[in-house]
2 protein chains.
Amino acid sequence: MAFFKGQETYSIDSKNRVAIPVKMRKAMSEEAEDTFNVTLGSEGCIAAYPMDEWKKYQDKFSHLNQFNEKTRFFLRTLLQWSEDAVLDGQQRILLPKQLTEQTGIKGKILIVGMIDHLEFWDPEKYSDYMNGHNQTYESVAAEVMSAE
Amino acid sequence: MAFFKGQETYSIDSKNRVAIPVKMRKAMSEEAEDTFNVTLGSEGCIAAYPMDEWKKYQDKFSHLNQFNEKTRFFLRTLLQWSEDAVLDGQQRILLPKQLTEQTGIKGKILIVGMIDHLEFWDPEKYSDYMNGHNQTYESVAAEVMSAE
DNA sequence: TGGAAAGTGGGTAAAAGTGGGGAAATGTGG
DNA sequence: CCACATTTCCCCACTTTTACCCACTTTCCA
């Protein structure tokens, strides 16, 4: 099972290609077959799940009852941005134009490891997000981890 | 088994033909034999089920009790629009005029992958639909997935 | 410090998307 | 049963996008 961590600031070129940092590539399992499921992530980033991790979610979605209106809304919202991306010969993935436009990513791109997936951020948006919290890291940590 | 996802905005030409995006064509199984069952979908879209997936629904419908009035209404509503469509040499399907008129599709068309079928939308109607939900995606997601 | 690997950029052939002409098939009315 | 109009299907042609190379610079180790 994958465990992604760390961060890197890379370039996204005119063709929307981004190299995957070696340390993160190495964290991928063989079963992913160099394929990611790329989709819109939370707080305005792009999320990329290795295929093997994504399949677990797929199974759940397949068994939902589509005769329910809320289920349909949920699936449409979730799946509309979702797309496969295979690494090229240089270990880069091609990010869908729709997603880079939606998230304002251009030129420089921040890649963050998030356990079972990678996140791609506009560097500026990321620092705004980080600075936008008035609670300290320590107090949030205490809250989140107290339930465990 | 098919798993459709993603979205594309394509053109529907004067002959009512629409190309199927490659990523969605690849998600189709061989058994579908390039054939869709096209019918009226929920919330005012057109739904296209690959033949193999549609057969599973057919089986279910065959076993419903037609001595029940609601069942009859359900079946009539569903089946009256239902029609086969085979891909042409350019991997396009011909959408029935009745359905494009009914759903207001003309010129530009939005194609959305919905696991076991494709949905065709008038782009404007789709954004109205998406904006028309006062519940957030996150709260619907929590509801829908909590049962799992 | 030299070689390999990693990161970046670009050219080009192939594939995908779009549009239209015309023959074949279908349907309608006389 | 035939003549006509309409629709359907198959083909060709053009434009845009994508996939696959190749090449250069920088960084990292041995």
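Below, chain A is the first sequence line, B the second, and so on; all start at residue 1.
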Restricting to ring pair (Phe, Tyr, Trp, His ring centres under 6.0 Å), what partner residues turn up for B:Phe120, sequence neighbours left out?
none
D:dT17 C1' sits how many Å from A:Leu94 CG, rounded?
10 Å
Whole angstrom is fine here: how far is it from CD1 in B:Ile111 over to P in C:dA16?
15 Å
Out of D:dC20, D:dA19, C:dG19, whichever nucleotide has its closest atom nearest the side chain of A:Arg17
D:dC20
Separation of D:dT8 C1' from B:Leu87 CG (nearest whole Å):
15 Å
Lys/Arg cation over aromatic B:Phe73: B:Lys70, 6.0 Å, 45° cone
no
If I take atom CG in residue B:Asp88 and atom P in nucleotide C:dA16, what distance separates them, rounded to the nearest angstrom?
14 Å
Residue A:Ser14, side-chain atoms from C-beta onward, closest of C:dG10, D:dC9, C:dT18
C:dG10
Using whole Å, report how far CD1 of A:Ile93 lies from P of D:dT18.
15 Å
Length of the line joining A:Asn16:CG and D:dT18:C1', which is rounded to integer Å
12 Å
Pairs involving residues 120-131 of chain B, ordered by first then second residue, that meet side chain to side chain donor-acceptor pair (under 3.5 Å) (sequence neighbours left out):
A:Arg76-B:Tyr129, A:Gln80-B:Tyr126, B:Glu119-B:Trp121
Is the side chain of A:Asn16 donor-acceptor paired with the backbone N or O of A:Leu95 at a distance under 3.5 Å, no angle test?
yes
CG of B:Leu95 versus P of C:dT18: gap in Å, rounded?
13 Å
Those residues of residues 23-39 of chain B lying under 4.0 Å from DNA chain D by at least one heavy atom
none
For residues B:Leu118 and B:Leu94: do they belong to one hydrophobic cluster (side chain heavy atoms under 4.5 Å, members Ile, Leu, Val, Met, Phe, Trp, Tyr)?
no
Mapping B:Arg92 and B:Val22 onto DNA chain C by nearest heavy atom, which one lands closer to the 5' end?
B:Val22
Side-chain atoms of A:Ala19 come closest, of D:dT8, C:dG21, C:dT8, to C:dT8
At under 4.0 Å between heavy atoms, what does B:Ile20 touch on the DNA or RNA strands: base, sugar-phosphate, or nothing?
sugar-phosphate
Tell me, do B:Ile93 and B:Ile20 make a side-chain contact under 4.5 Å, heavy atoms counted?
yes
Please say yes or no: joined through hydrophobic side-chain contacts below 4.5 Å, possibly via intermediate residues, are B:Tyr137 and A:Phe61 part of one cluster?
yes
Please determine, for the side chain of A:Lys15, which listed nucleotide (C:dG9, C:dG19, C:dT12) has the closest atom?
C:dT12
May I have the distance from A:Lys97 (atom NZ) to D:dA19 (atom C1'), rounded to whole angstrom?
14 Å
